Amino acid sequence: MKRRDLLKTGALAGLGGLFSFGAHPAGRHSASQQPVRNVIFFAYDGFTWEDVASARTYAKRHMDRSLAFDRLFDRSSAGSMDSSSLTSVTTDSAAASCAWGTGQKIVSGLLNMYPDGTTLEPILRLAQQKGLATGLITTTRLTHATPAGWYAQIDWRRREEDIALQLTDMPPEVLLGGGHRALSGELRDDGHDVYGDFVDQDFTIVRSEAELQQANSSKLLGVFHRSHLPYEIDRRFQGVAAPTLAQMVTKGLEVLSGYDQGFLAQIEAGRIDHANHRNDAGGLLWEVLAADEALAVLMEYVDTHPDTLLIMASDHGTGSGAVYGVGKRYREGSTTHDHITKRTASFPYIIDEMQHDPVPPHVTGVAKRYTGIRMTDEQAALMVRALHGDLAMPNLQAYDRQPYNTLAHCLRGGTYDDPDRLNINFATGQHTAGPVPVAAYGAGADTLECGMVDNTDLYDWMASALDISYRNPSMSRHAAREALAE
Ligand code: ZN
Ligand code: MG
Ligand code: ZN
């Protein structure tokens with residue numbers, strides 16, 4: 001039976017009597033009796049406090065402005081969030097998104113499922129059951145872990161063609177992001193045209209920024225890339241075509257605002273994580289600034305729609321790129337950071353350019369053009385070997401993909417008294433475990449206990465705001481480890 005049929009017949013709602021939908025027909029109220037009509041959750045994927053420092057420094061020195069992020073933290077209930085998963089201090093994005101969406105910690109790699117096959121109901125499905133409109137807006141594939149964490153139930157996050165089919169089963173009214181390859185009949189293994197399933201359900205489908213702007217529909221599917229959306233740095237400086245996150249958010253809010261019953265939306269700045277994995281400080285900066293532009297749109301929306309609660313959170317850190325001190329009394333710290341203005345393309349874009357002619361003079365020329373850095377002969381030789389795929393280099397940044405790892409290595413900052421290289425170095429190419437930023441702004445935010453919270457607490461924030469009392473089943477760490485061992 002398909003999910004929408006389950007919901008129609010009430011079979012899902014009858015499960016163990018755990019659902020309590022419609023228990024408060026008079027309307028939704030948070031603890032302060034301040035009515036909450038809409039909840040917007042803005043996920044920054046793989047984002048840490050050092051990323052704030054780099055973006056803030058750039059905005060101040062080169063854009064003459066402050067960050068919306070700083071205004072948010074000034075005006076909201078804000079703090080830090082523990083991001084651990086059920087079985088590890090370090091989480092992946094799937095378990096992280098599910099912790100927010102279900103109030104339960106799960107094991108990395110799965111979506112809304114325990115290793116023994118027990119499924120969990122994510123908040124987006126619960127909101128749909130309550131009659132709310134819903135939306136997912138992301139710079140990644142719509143079938144990628146963070147958005148999928150709010151609608152899919154599957155034992156492996158990489159099965160995105162299967163995840164896409166779960167998306168068509170009671171789809172959110174607004175879906176904007178990437179991921180054409182999991183939807184197109186020409187690119188899917190089973191040849192199934194998933195777009196057709198959306199057309200059957202009265203969706204308007206848009207594939208470009210121009211079409212997005214013109215769309216005038218109450219159900220909107222926008223897919224703007226085969227995979228993830230291009231990096232903002234490539235859109236901005238290299239003219240790669242794509243809508244910005246702020247443009248997608250603006251249109252998404254316009255559509256969702258048309259629903260009288262209110263809405264729940266998850267918005268994701270998903271490629272902060274990707275840039276951090278690759279230790280790409282320039283790509284990272286522009287992903288954070290693009291997120292900040294979208295955040296400004298969202299705060300403006302909350303200011304003009306006071307019945308809206310906005311929650312912003314990072315799902316975990318990635319990379320731990322640190323803006324380190326340079327020079328005597330660190331007086332060269334800010335000016336050395338100015339080197340970031342010379343970064344004008346993402347690592348994948350730079351690697352593509354290098355591949356055109358993988359010999360030392362071309363490689364050093366490309367590096368200079370897009371990063372301002374003059375590679376040494378030794379570094380150019382390393383880079384050429386990596387481009388030819390014949391380099392078994394130690395994973396100095398612990399990121400296991402070549403030639404990105406080598407590019408990151410060749411662009412690393414110098415010593416503390418070297419003002420000639422950008423002063424950002426990364427500790428790893430993996431996710432990290434430190435506390436991450438979290439904030440709540442708008443309707444009911446002042447009643448939320450922020451400070452140091454757990455990722456699962458954010459489910460309670462949303463559920464309480466939307467008057468949802470469903471509790472997902474829990475599993476102990478021990479039971480999860482036993483099930484995984486089987
Ligand atoms: Zn993540
Ligand atoms: Mg993500
Ligand atoms: Zn990641």
Side-chain angles (χ1 to χ4, degrees), residues 41-49 51 81-86 88-101 105-112 122 124 136-152 154 157-158 160 163 167 175-179 182 225 227-232 245 248 265-280 283-284 287-288 290-291 294 311-321 346-348 395 397-401 404-405 408 426-438 455-456 458:
F41 191 104
F42 191 5
Y44 279 48
D45 200 315
F47 175 71
T48 51
W49 294 105
D51 303 342
M81 189 195 84
D82 180 275
S83 62
S84 62
S85 75
L86 180 55
S88 172
V89 63
T90 310
T91 188
D92 81 335
S93 301
S97 182
C98 292
W100 292 332
K105 288 184 188 290
I106 66 166
V107 179
S108 287
L110 294 89
L111 289 165
N112 296 307
L124 184 135
L136 295 169
I137 301 172
T138 178
T139 50
T140 71
R141 299 187 292 268
L142 284 159
T143 47
H144 205 243
T146 308
W150 281 25
Y151 67 85
I154 199 160
R157 56 178 280 190
R158 296 270 163 87
E160 293 190 40
I163 291 171
L167 191 54
L175 290 164
L176 300 172
H225 204 269
S227 180
H228 306 304
L229 263 63
Y231 282 104
E232 169 69 8
L245 184 58
M248 293 196 290
Q266 185 208 75
I267 293 154
E268 188 200 16
R271 305 210 72 195
I272 295 172
D273 176 65
H274 299 168
N276 263 329
H277 273 296
R278 296 192 159 100
N279 295 182
D280 177 358
L284 166 66
E287 289 308 300
V288 175
I311 299 169
M312 172 274 158
S314 165
D315 61 345
H316 53 76
T318 305
S320 281
S346 70
F347 275 20
N395 287 322
Q397 275 78 37
Y399 183 63
D400 54 6
R401 283 184 222 176
Y404 299 104
N405 187 301
F426 292 81
T428 176
Q430 303 299 331
H431 291 184
T432 58
V436 288
V438 61
N455 50 7
T456 55
L458 276 54

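Quick note: residue numbers are just sequence positions, from 1. Just so we're clear, the structure is a prediction, and the values are computed from it rather than from any experiment. Both counts, for ligands and for their atoms, begin at 1 and track the order of listing.
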Could you tell me whether a side-chain N or O of His431 sits under 3.5 Å from a main-chain N or O of Gly317, the two making a donor and an acceptor? no

Inter-residue atom distance Asn112.CG - Tyr151.OH, 0.5 Å rounding: 11.0 Å

Can you tell me how far the CD1 atom of Ile267 sits from the OH atom of Tyr44, to the nearest 0.5 Å? 10.5 Å

Working to the nearest 0.5 Å, report the span between CD of Glu287 and CG of Asp280. 9.0 Å

Enumerate the protein N/O/S atoms at a distance below 2.8 Å from the Zn ion (ligand 3), ignoring waters. Asp273 OD1, Asp273 OD2, His277 NE2, His431 NE2

Quick one: list whatever passes side chain to side chain donor-acceptor pair (under 3.5 Å) with Ser88, sequence neighbours left out. none

Rounded to the nearest 0.5 Å, what separates atom OG1 in Thr139 from atom NE2 in His144? 10.0 Å

Please report the C-alpha distance between His316 and Ser93 in whole Å, then the side-chain angles of each, then the deciding distance to 0.1 Å, and finally whether the side chain to side chain donor-acceptor pair (under 3.5 Å) criterion is met. CA-CA 8 Å; His316 53 76; Ser93 301; 3.2 Å; yes

Going by side chain to side chain donor-acceptor pair (under 3.5 Å), name the residues that satisfy it together with Thr48, two or more places apart in sequence or in a different chain. Asp51

N/O/S atom name from Asp315 that is nearest to the position of the Zn ion (ligand 1): OD2

Rounded to the nearest 0.5 Å, what separation is found between the CZ atom of Arg157 and the OG1 atom of Thr143? 10.5 Å

For Arg271 and Thr140: C-alpha separation, side-chain torsions, deciding distance, then whether side chain to side chain donor-acceptor pair (under 3.5 Å) applies. CA-CA 7 Å; Arg271 305 210 72 195; Thr140 71; over 6 Å; no

Near the Mg ion (ligand 2) (under 2.8 Å) - protein N, O or S atoms: Asp45 OD2, Thr146 OG1, Glu268 OE2

